[in-house]
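Just so it is clear, the model here is predicted, and its values are computed rather than measured.
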Amino acid sequence: MSNKVAIIAANGGMFDAYKVFNIATAAAASDKEVAIFFTFEGLNLIHKQGMHALEMPVGKEHFAEGFSKANVPSIPALVEMAQELGVKFIACQMTMDVMGLTKEDFVDGIEVGGAVTFLEYAKDASPTLTF
């Protein structure tokens with residue numbers, strides 16, 4: 001069984017962020033090697049400003065209070081936690097080009113690469129997840 005976990009973050013809402021970083025940090029804390037490929041709206045999850053303004057799904061606003069009462073860390077805190085645990089962040093070069101973004105728009109410590117970069121990592125990962 002592989003010791004690698006590969007995650008594709010293609011969506012950029014609040015729930016998506018919690019799913020991505022919950023799985024990534026749990027895997028990394030369990031001594032797994034983890035990489036997340038952020039593409040399209042998923043780039044919001046590591047965007048310096050965007051990560052502070054992720055949308056809660058309509059009709060699910062009550063979850064914000066639940067997250068607070070359960071002491072669930074904020075998305076910026078989870079990003080930092082993931083990085084401290086050694087989770088590799090790969091930002092999609094093509095999507096960045098399409099959106100006019102640069103590496104400086106994102107949290108420090110990311111790698112910029114294309115689908116081939118991620119596929120090379122993911123080829124022997126188990127599991128590979130998409131959010």
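- Residues satisfying the side chain to side chain contact (heavy atoms under 4.5 Å, CB included) test with Thr130, not counting sequence neighbours, are Ile8.
- With sequence neighbours left out, Gln83 forms a side-chain hydrogen bond (donor to acceptor under 3.5 Å, both in side chains) with no residue at all.
- Residue Leu85 comes nearest to Ala28 through the heavy atom pair CB-CB, 3.7 Å, listed as atom of the first residue, atom of the second, then distance.
- Residue Phe118 holds its CZ atom at 6.0 Å from OG1 of Thr128, rounded to the nearest 0.5 Å.
- Between the CZ atom in Phe89 and the CG atom in Leu43 there is a gap of 12.0 Å [rounded to 0.5 Å].
- Among pairs with a residue in residues 109-119, those fulfilling salt bridge (charged side-chain N to carboxylate O under 4.0 Å, His left out) read Lys88-Glu111, at least two apart in sequence or across chains.
- For Lys4, the side chain to side chain contact (heavy atoms under 4.5 Å, CB included) partners at least two apart in sequence or on another chain are Ser2, Glu33, Tyr121, Asp124, Ala125.
- Partners of Phe63 under the ring pair (Phe, Tyr, Trp, His ring centres under 6.0 Å) rule, at least two apart in sequence or in another chain, are Phe15.
- Leu45 has its side chain within reach of Phe21: a pair of non-hydrogen atoms, C-beta onward, lies under 4.5 Å apart.
- In terms of heavy atoms, Val5 sits closest to Ala27 at CG2-CB, 4.0 Å.
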Run the side-chain donor-acceptor check on residues 99-107: report pairs under 3.5 Å with partners two or more places apart or on a different chain.
unit_1, atom_1, unit_2, atom_2, d
Thr102, OG1, Glu104, N, 3.4
Thr102, OG1, Glu104, OE1, 3.2
Thr102, OG1, Asp105, OD2, 3.4
Lys103, NZ, Ile110, O, 3.4
Asp105, OD2, Thr102, N, 2.7

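- Considering all non-hydrogen atoms of both residues, Val87 and Ala24 come closest at CG2-O, 3.9 Å.
- Cluster annotation: Phe37 is not connected to Leu119 through the hydrophobic network of ILVMFWY side chains, with a link wherever side-chain heavy atoms come within less than 4.5 Å.
- Listed by first and then second residue, the side chain to side chain donor-acceptor pair (under 3.5 Å) pairs involving residues 14-26 amount to none (not counting sequence neighbours).
- Between Phe40 and Cys92, the closest side-chain pair of non-hydrogen atoms is not below 4.5 Å.
- Rounded to the nearest 0.5 angstrom, Gln93 CD and Asp97 CG are separated by 4.5 Å.
- Annotation: the span from Asn3 atom CG to Lys32 atom NZ amounts to 5.0 Å, rounded to 0.5 Å.
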Please set out all donor-acceptor pairs under 3.5 angstrom arising from side-chain atoms of residues 67-80, sequence neighbours excluded.
unit_1, atom_1, unit_2, atom_2, d
Lys69, NZ, Glu65, OE2, 3.0
Ser74, OG, Ala77, N, 3.2

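- In this view, Glu84 satisfies the side-chain hydrogen bond (donor to acceptor under 3.5 Å, both in side chains) rule with no residue, not counting sequence neighbours.
- Under the 4.5 Å side-chain heavy-atom criterion for ILVMFWY residues, no single connected hydrophobic cluster contains both Phe38 and Ile90.
- For residues 38-63, the side chain to side chain donor-acceptor pair (under 3.5 Å) pairs, not counting sequence neighbours, are Thr39-Thr95.
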